[in-house]
Amino acid sequence: DERLYQGLLHLTALMTANGRNADEDYQVALREHREDEEFAVLVLKTLDRLEESRYLERWALVQLAIDLEHPVAGDYLAHFVRSPIPEERSEDTAHGLSTVTEEVILRTTAIEGLARLFRRHVDSSDTLLDVIASSDYVAMRRAAWFALVDGGRRDALERARGLLEEHGYGWIAELRRVPVQEAEQPDPRRIDPDRRPLG
């Protein structure tokens with residue numbers, strides 16, 4: 001479908017655009033497609049066809065599927081989060097790309113998408129609880145915890161807290177997200193004593 005394909009090209013171009021109105025233009029284009037299930041399915045099918053090593057493109061399409069906030073993405077994201085992470089393919093992870101890290105980033109991004117879909121009445125608590133109970137990666141457990149916090153289901157949060165404590169990750173439930181405006185800011189004089197503060 002040429003219309004859908006051109007819409008996909010347009011939106012992915014707007015994702016990486018810069019300039020004064022870049023984000024506003026992206027948001028306007030998203031609103032045009034937000035209720036279009038056929039378009040959301042096209043994004044997911046395109047994501048499925050990408051080679052595993054195309055991490056940047058895969059991330060962009062995961063993020064686009066999330067930004068569309070269409071409920072049809074819920075099952076896809078839940079399945080993706082539960083899918084096993086392929087073994088490390090990089091020979092030198094200390095000085096280059098770690099394929100495992102890239103896959104974890106993709107999944108934590110997808111988990112954030114599941115959190116957003118709670119607003120659209122897509123409940124993915126079971127998937128998030130599975131991640132908390134069985135993931136090998138702290139980043140994924142932490143993302144799943146905060147997704148459940150955003151979902152607001154008390155029963156799921158109580159189960160998640162119990163699972164975290166059972167597996168030795170109880171400290172995750174004590175973490176707090178702080179808006180950047182409220183975070184302690186560095187004193188420039190402690191970083192570089194000769195540098196004058198810019199005010």
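The chain is numbered in sequence order, starting from 1.
Proximity of Leu148 to Ile132: side-chain heavy atoms (C-beta onward) are separated by under 4.5 Å at one or more points. The side-chain heavy atoms of Leu47 and Tyr76, taken from C-beta on, include a pair separated by under 4.5 Å.
Crowding of Arg34 atom CZ: a count of heavy atoms from other residues, nucleotides or ligands under 6.0 Å exceeding 12. For His79, the NE2 atom is loosely surrounded, since the number of other residues' heavy atoms within 6.0 Å does not exceed 12. Within 6.0 Å of CZ in Arg49 there are 12 or fewer heavy atoms belonging to other residues, nucleotides or ligands. Heavy-atom neighbours of Glu51 CD from other residues, nucleotides or ligands within 6.0 Å: at or below the threshold of 12.
Put simply, Tyr5 and Leu11 are part of two different groups of oily side chains (I, L, V, M, F, W, Y) that touch within less than 4.5 Å, one to the next.
Sorted by first and then second residue, the pairs that involve residues 28-49 and meet ring-ring contact (aromatic ring centres under 6.0 Å, His included), not counting sequence neighbours, are His33-Phe39. Applying the salt bridge (charged side-chain N to carboxylate O under 4.0 Å, His left out) definition to pairs two or more places apart or across chains, those involving residues 162-176 are Arg161-Glu174. Applying the side chain to side chain donor-acceptor pair (under 3.5 Å) rule to pairs touching residues 8-22 yields nothing, sequence neighbours excluded. Here ring-ring contact (aromatic ring centres under 6.0 Å, His included) pairs that include residues 115-165, with residues two or more places apart or in two chains, number zero.
Among residues two or more places apart in sequence or in another chain, the salt bridge (Lys or Arg N to Asp or Glu O under 4.0 Å) test is passed with Arg31 by none. For Ser134, there are no side chain to side chain donor-acceptor pair (under 3.5 Å) partners two or more places apart in sequence or in a different chain. Take Glu87 and apply the side-chain contact (heavy atoms from CB on, under 4.5 Å) test, not counting sequence neighbours, and it matches no residue. Not counting sequence neighbours, the partners of Arg153 by the salt bridge (Lys or Arg N to Asp or Glu O under 4.0 Å) test are Asp123, Asp155. Contacts of Ser135 classified as side chain to side chain donor-acceptor pair (under 3.5 Å), with partners at least two apart in sequence or in another chain: none. The side-chain contact (heavy atoms from CB on, under 4.5 Å) search around Asp1 returns Arg3, Leu4, Glu38, not counting sequence neighbours.
The CG atom of Asp130 sits 10.5 Å away from the CE atom of Met140 when rounded to the nearest 0.5 Å. Rounded to the nearest 0.5 angstrom, Glu57 CD and Leu50 CG are separated by 6.5 Å. Rounding to the nearest 0.5 angstrom, the gap separating the CG atom in Leu97 from the CD atom in Glu88 is 7.5 Å. For the atom pair CE (Met15) and CG (Asp25), the distance works out to 14.5 Å, reported to the nearest 0.5 Å. Put simply, CD on Glu52 and OG1 on Thr99 are 7.0 Å apart, with the number rounded to the nearest 0.5 Å.
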(Q) Let's go through His70 and Val43 carefully: what are the C-alpha distance in whole Å and the side-chain angles of both, what is the deciding distance for side-chain contact (heavy atoms from CB on, under 4.5 Å) to 0.1 Å, and is it a yes or a no? (A) CA-CA 11 Å; His70 197 288; Val43 172; over 6 Å; no
Q. Does the pair Asp36 and Leu42 meet the rule for a side-chain contact (heavy atoms from CB on, under 4.5 Å), with working shown?
A. CA-CA 10 Å; Asp36 188 343; Leu42 173 68; over 6 Å; no
Q: Please test Leu77 against Ile66 for side-chain contact (heavy atoms from CB on, under 4.5 Å), starting from the C-alpha separation and ending with a verdict.
A: CA-CA 9 Å; Leu77 293 174; Ile66 292 167; 4.1 Å; yes
Q.
Could you go through Leu14 and Val28, starting from their C-alpha distance and side-chain angles, then the distance that decides it, and tell me whether this counts as side-chain contact (heavy atoms from CB on, under 4.5 Å)?
A. CA-CA 10 Å; Leu14 288 174; Val28 167; over 6 Å; no
Distance-only criterion, 3.5 Å: show the donor-acceptor pairs between side-chain atoms of residues 104-117 and protein atoms not counting sequence neighbours.
residue : atom : partner : partner atom : Å
Arg107  : NE   : Ser83   : O            : 3.3
Arg107  : NH1  : Glu103  : O            : 3.1
Arg107  : NH1  : Glu103  : OE1          : 2.7
Arg107  : NH2  : Ser83   : OG           : 3.0
Arg107  : NH2  : Pro84   : O            : 3.4
Thr108  : OG1  : Val104  : O            : 3.2
Thr108  : OG1  : Ile105  : O            : 3.0
Thr109  : OG1  : Trp59   : NE1          : 3.3
Thr109  : OG1  : Ile105  : O            : 2.8
Arg116  : NH1  : Asp67   : OD1          : 3.2
Arg116  : NH2  : Asp67   : OD1          : 3.0

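Ring geometry, Trp171 versus Tyr169: the interplanar angle falls from 30° to 60°, so the pair is classed tilted.
What you find for Leu68 and Ala40 is that their closest heavy atoms are CD1-CA, 4.3 Å.
Through side-chain heavy atoms spaced under 4.5 Å, either directly or across other Ile, Leu, Val, Met, Phe, Trp or Tyr residues, Val72 is tied to Val41.
Salt bridge Arg58/Glu102: absent, no basic N to carboxylate O contact under 4.0 Å.
Side-chain atoms of Ser124 never come within 3.5 Å of backbone atoms of Thr127 as a donor-acceptor pair (strictly under, hydrogens ignored).
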